[in-house]
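Here is how names work: the chains are called A, B, and so on, in the same order as the sequence lines, proteins then strands, and each is numbered from 1.
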There are 2 protein chains.
Amino acid sequence: MIRVLLAEDQALVRGALKALLEMEGDIVVVGEAARADEVVPLARETQPHVALLDIELPGGSGLIAAAALRESLPECRVVMLTTFGRPGYVQRALAAGAHGFLLKDAPAAELAVAIRRVLQGQRVVAPDLALMALQEGPSPLTQRESEVLAAAAGGATTADISASLHLSEGTVRNHLSSAIQKLGARTRTEAVRIAKERGWL
Amino acid sequence: MIRVLLAEDQALVRGALKALLEMEGDIVVVGEAARADEVVPLARETQPHVALLDIELPGGSGLIAAAALRESLPECRVVMLTTFGRPGYVQRALAAGAHGFLLKDAPAAELAVAIRRVLQGQRVVAPDLALMALQEGPSPLTQRESEVLAAAAGGATTADISASLHLSEGTVRNHLSSAIQKLGARTRTEAVRIAKERGWL
DNA sequence: GTTTCGGCATGACAGTTGTCACGGCGAGCG
DNA sequence: CGCTCGCCGTGACAACTGTCATGCCGAAAC
């Protein structure tokens, strides 16, 4: 039997995925987590062969959970599961030690296939996503630019950002201006949208 | 047997929900739609007792599909299913003729229960959502304000909005200013964020 | 029939934002 | 070492944004 840990914040989807997996016969869901910080303790307790992690989880992202899992249970394979094909996520997920990366857009039959492949040591990435990831490349933003842009995402003003990051307003505007140019945007708002679409935020 | 139509854009989630429902024994999924505009034709063909509609669907929202379904198959009950508890959605969904409104946060067991209740003529709304909907009330924005705010959501400038809605720039700024005040925001970006959170966009 | 409200518009104003030029500091590199 | 690059800052300027006062129009409400 393949022992699977399931991390997904929406209970209904989590329950449905469990039903789907257990229809396979040779798969059993040994643990269910709704938050990122529940993953490692639960994995220690249940010793799964594979952890299926949603990338967007409360209590820290699935990426953090994947890295933590890699530390404490190196034997456990990690498959990331996510809604949007943000290409930036793929690189970050693989860097965090994930063995597979699936979209929720994929057909249901593919899930069990992916789990078996990953258990055999293969890396499984949704093909169109892999392509996109190669095309887009990694984020062109420096760390500071990302921070400033992230702070601007919620609608904060320049003054708000400068206060929260302990920078001068002029510097904040410079970083934003740089990010706007790199992303081909015309306003900070547009830059935020583009960065989010690409998974760079 | 209860005949169910399933509309959900993410194939994996759709397949998983189907597996969950069919575990019940007395429920059969007779149709699966990935887009809003597939719902009515598919329903005509498959004659379901209940349609389970995600609110966020490509090809028009689930709200539109619900209203169209109410027109062409009045016998068919409608249950909306959504990710976020945007209170504004509840009112709009009920106005569109939905009989139930569930969150994907709800426990998996609740889904079948809700379907059976709705079939018996009851209205089923997730209790915490109903409360929030009453607290928040409907959107305070006029139609024009909503349109302008929606156009601003993607990062468009005042000039862009005025062009796409055939208004003067001054008028756009007035509508935005009004929306910003009504929402208690300080910038258009913040107003967009607040309106989205409340389901008013 | 007068009042109220939403929509549309103009003009003016202060404040914010995006850009540019310029300089300084520290880290990595040939 | 000199060079580049990221980071931080300043000052200045044009453009954009948010607000306000004021006005006109049509529809709904009293």
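Atom CG in Leu165(B) sits roughly 12 Å away from atom P in dG7(C) (whole-Å rounding). Atom CD of Gln143(B) and atom C1' of dG6(C) are 11 Å apart (whole Å). Atom CZ in Arg144(B) sits roughly 17 Å away from atom P in dG26(D) (whole-Å rounding). Spacing between atom CG of Leu176(A) and atom P of dC8(D) amounts to 13 Å, rounded to whole angstrom units. In this structure, Glu169(B) places its CD atom 13 Å from P of dG11(C), rounding to the nearest Å. Here the C1' atom of nucleotide dT17(C) and the CG atom of Leu149(A) are 15 Å apart, to the nearest Å. One interatomic measurement links the two molecules: CD of Glu147(B) to C1' of dG7(C), which rounds to 11 Å at whole-angstrom precision. Here the C1' atom of nucleotide dT16(C) and the CD1 atom of Ile161(A) are 12 Å apart, to the nearest Å.
For Leu167(B), the side-chain atoms get nearest to dA9(C) when compared with the rest of dG9(D), dA9(C), dA12(C). The Ile180(A) side chain lies nearest to dT19(C) when the options are dG9(D), dT19(C), dT17(D).
Base contact: Thr171(A) has a heavy atom under 4.0 Å from a base atom. Counting any heavy atom pair closer than 4.0 Å across all strands shown, Gln181(B) reaches sugar-phosphate atoms only and no base atom.
Salt bridge status for Asp160(A) with Arg186(B): present, with a side-chain N to carboxylate O gap under 4.0 Å. Between Glu110(B) and Arg117(B) there is no salt bridge, since no side-chain nitrogen of the basic residue lies less than 4.0 Å from a carboxylate oxygen of the acidic one. Salt bridge absent: Arg70(B) and Glu75(B) never bring a charged side-chain N and a carboxylate O closer than 4.0 Å.
Phosphate contact (OP1/OP2 of dC7(D), side-chain N/O of His175(A), threshold under 4.0 Å): absent. Side-chain N/O atoms of Arg188(B) include one lying less than 4.0 angstrom from OP1 or OP2 on dT17(D). Within the structure, every side-chain polar atom (N or O) of Ser177(B) is placed at least 4.0 Å from both OP1 and OP2 of dT17(D). Within the structure, every side-chain polar atom (N or O) of Thr142(A) is placed at least 4.0 Å from both OP1 and OP2 of dG6(D).
Between the side chains of Ser177(A) and Asn174(A), no donor N or O sits under 3.5 Å from an acceptor N or O.
In this model, no side-chain donor or acceptor of Asn174(A) finds a partner on the base of dC7(D) within 3.5 Å. The base of dG18(D) sits within donor-acceptor range of the side chain of Arg173(B), with an N or O pair under 3.5 Å.
For the atom pair CG (Asp54(B)) and CE (Met80(B)), the distance works out to 7.5 Å, reported to the nearest 0.5 Å.
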